[in-house]
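Notes for the one structure printed next.
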Amino acid sequence: MKPPVRTMIAVAAPCLAALAGALPASGQENPPAASAPDSYHAPEGPPTEDSTETAKPESKFHRMFFDETDGKLDFSRLLEKGGFFPMPVIITEPAVDGGFGIVAQFITLPKEKGGSMTRRMAGAVKTGNGSYGYGYYQSGSIADGRISYKFGAGRGKVTLTAYPRLLPAGLEYTNKYDYGVLGSVQFHLADRRFSIGPLLDFRQIHSKIDIAGLPEQLDDVFDRKLNTGAVGLGVHFDDRDNALSPTKGSNLYAEGKFNLDALGSDREFQSYALHGYGFQPLSSDWRVGAKVEVDAVRGSYPAYFASSINLRGVEARRYQGGAAVSTELEATRRLDDRWSIVGFAGMGYTDAGGKRIYADSGTIVAGGAGFRYRIARKLGLDAGVDVAVGPGGAIFYLQFGHAWGFGMD
């Protein structure tokens with residue numbers, strides 16, 4: 001399932017991931033092995049006649065936040081020395097009226113070349129419309145990288161607006177997640193780029209609709225209380241050069257999850273995802289990327305589990321249906337070793353499906369531009385801002401890693 005509030009997940013995954021159903025995956029995170037911070041050395045030889053005092057070493061603050069090669073702002077040393085990174089969260093998603101939060105992120109880099117980093121994140125967020133969430137997320141690998149894992153747990157409340165066919169003006173609903181627990185394990189094959197493994201997804205949700213004269217047809221669509229329990233299977237391929245801000249390679253996966261009565265689910269339904277992301281350099285200064293996401297849900301699913309279009313410039317959960325397709329192209333122009341600019345455009349479509357809760361969306365188009373700064377050179381990590389325009393107007397996004405990072409495996 002796609003997250004109900006894309007920006008909240010993208011920037012503060014540990015807080016609402018268990019609430020939304022989409023967690024970032026460790027995949028094959030193989031950043032370059034980090035070197036120890038360089039020590040300062042005074043110039044060799046006798047002092048010059050103009051010397052009045054011995055050169056002073058760099059301050060601890062400067063060594064921690066500025067790169068030893070170009071002297072520019074860089075968090076590589078901060079992350080490699082214990083890996084603690086306090087990340088303030090500014091939520092720009094209009095679906096929840098913006099918001100703020102804090103995430104404590106811990107990154108442990110691999111000791112051996114080709115190993116997988118371990119990420120641990122704990123945090124909380126609160127939005128302008130009263131939504132909130134808090135939780136914990138971890139991803140990494142064991143058995144010399146042959147097994148990758150991810151799991152998360154959290155609680156919270158999300159208030160959103162759905163647009164069912166019978167109420168095209170919109171219907172506001174609130175989901176309170178008493179708990180959400182998600183996890184997956186990937187067993188890498190002889191060719192480490194390929195992996196396969198099980199998925200788990202358990203939640204307890206209380207739903208509330210604040211509307212008078214609710215149509216009878218919707219009484220059963222928005223349950224007042226729902227327990228879900230799902231197991232599934234995922235097949236993955238990943239040969240990206242970097243899982244945080246990839247510049248070359250591809251990430252492909254197919255997943256299916258099955259909510260079953262035997263696992264405590266109040267409703268039996270299935271969700272499917274087929275996602276593909278590709279990156280290709282065209283020259284030393286230009287590269288392109290493309291994504292295709294196909295999501296579908298079948299069976300007796302609650303309306304808020306419906307698939308939705310996932311594009312920059314499109315309000316989260318604005319267009320939903322039994323199936324959704326989201327495609328996007330982007331081009332990146334490298335300005336120097338730190339700065340780059342990016343332009344992107346995408347289109348999506350939803351199909352109402354057999355239940356006809358929602359109407360077909362027709363073709364939805366959005367696009368925009370942004371910039372990136374390489375905030376951690378040794379990890380290949382970029383951060384920046386995107387401004388996108390879609391059917392509802394302009395939306396800006398704060399990006400930490402690639403914009404598609406939390407859809408990718």
Side-chain angles (χ1 to χ4, degrees), residues 1-6 8-27 29 103 105 118-125 131-142 147-158 175-187 195-207 226-236 243 253-260 262-275 293 295-297 301-302 304-308 310 316-317 405-409:
M1 298 297 297
K2 298 305 295 180
V5 185
R6 184 176 62 255
M8 295 174 73
I9 299 299
V11 183
C15 310
L16 293 181
L19 316 181
L23 284 170
S26 59
E29 295 170 341
V103 174
Q105 182 169 195
T118 299
R119 287 187 288 177
R120 301 176 180 88
M121 295 185 286
V125 296
S131 300
Y132 66 87
Y134 56 91
Y136 176 82
Y137 165 79
Q138 180 172 327
S139 68
S141 67
I142 58 176
I147 302 174
S148 297
Y149 68 88
K150 58 181 178 179
F151 66 87
R155 299 187 66 184
K157 182 180 75 171
V158 179
N175 282 344
K176 182 179 179 182
Y177 291 78
D178 297 329
Y179 64 81
V181 179
L182 302 95
S184 70
V185 177
Q186 299 175 29
F187 298 91
S195 62
I196 186 171
L199 312 168
L200 298 174
D201 185 340
F202 292 86
R203 317 180 202 187
Q204 184 175 89
I205 308 166
H206 283 80
S207 297
L226 178 72
N227 292 297
T228 69
V231 295
L233 182 70
V235 180
H236 311 259
Y253 64 89
E255 294 182 345
K257 292 193 294 187
F258 305 89
N259 288 268
L260 304 172
L263 297 174
S265 185
D266 294 332
R267 293 193 178 196
E268 294 203 344
F269 60 98
Q270 309 84 43
S271 60
Y272 305 95
L274 178 61
H275 290 196
E293 298 175 348
D295 297 281
V297 61
Y301 62 90
Y304 42 81
F305 274 75
S307 305
S308 63
N310 176 29
R317 310 298 280 178
F406 288 86
M408 290 188 285
D409 179 29

Heavy-atom side-chain contact between R155 and Y132 under 4.5 Å: no

Sub-4.5 Å side-chain heavy-atom contact between L233 and I196: yes

Spatial distance of atom CZ (R119) from atom CD (Q138) [nearest 0.5 Å]: 11.0 Å

Derivation and outcome, side chain to side chain contact (heavy atoms under 4.5 Å, CB included), residues L200 and V181: CA-CA 8 Å; L200 298 174; V181 179; over 6 Å; no

Heavy-atom side-chain contact between M408 and H275 under 4.5 Å: no

Atom pair OG1/CD of T228 and E268 - distance to nearest 0.5 Å: 12.5 Å

Atom pair OH (Y304) and OG (S207), whose distance is rounded to the nearest 0.5 Å: 3.0 Å

Which residues share a side-chain contact (heavy atoms from CB on, under 4.5 Å) with Q204, sequence neighbours left out: D178, Y179, H206, K225, N227

Whether F151 and Y136 hold their rings parallel, tilted or perpendicular, with breakpoints at 30° and 60°: tilted

Minimum-distance pair of heavy atoms, taken over all atoms of S265 and G229: CB-N, 3.4 Å

Option from N259, L263, L182 for which side-chain contact (heavy atoms from CB on, under 4.5 Å) with F202 holds: L263

Non-hydrogen atoms of A306 and R317 that approach each other most closely: O-NH2, 2.8 Å

Min side-chain heavy-atom separation L226-R203 under 4.5 Å: no

For E293 against G407, the heavy-atom pair lying closest together: OE2-CA, 4.5 Å

Check: P302 and F269 side chains under 4.5 Å, non-hydrogen atoms: yes

Minimal non-hydrogen separation, S139 against Y137, with atom names: CB-OH, 3.1 Å

Rounded distance (nearest 0.5 Å) linking atom CG of N310 with atom CZ of F406: 12.5 Å

CZ on R267 to OH on Y301, rounded to 0.5 Å: 10.5 Å

Partners passing side-chain contact (heavy atoms from CB on, under 4.5 Å) against E255 (at least two apart in sequence or in another chain): L199, H236, Y253

Reported CZ-to-OH distance for the pair F187 and Y149, which is rounded to 0.5 angstrom: 13.5 Å

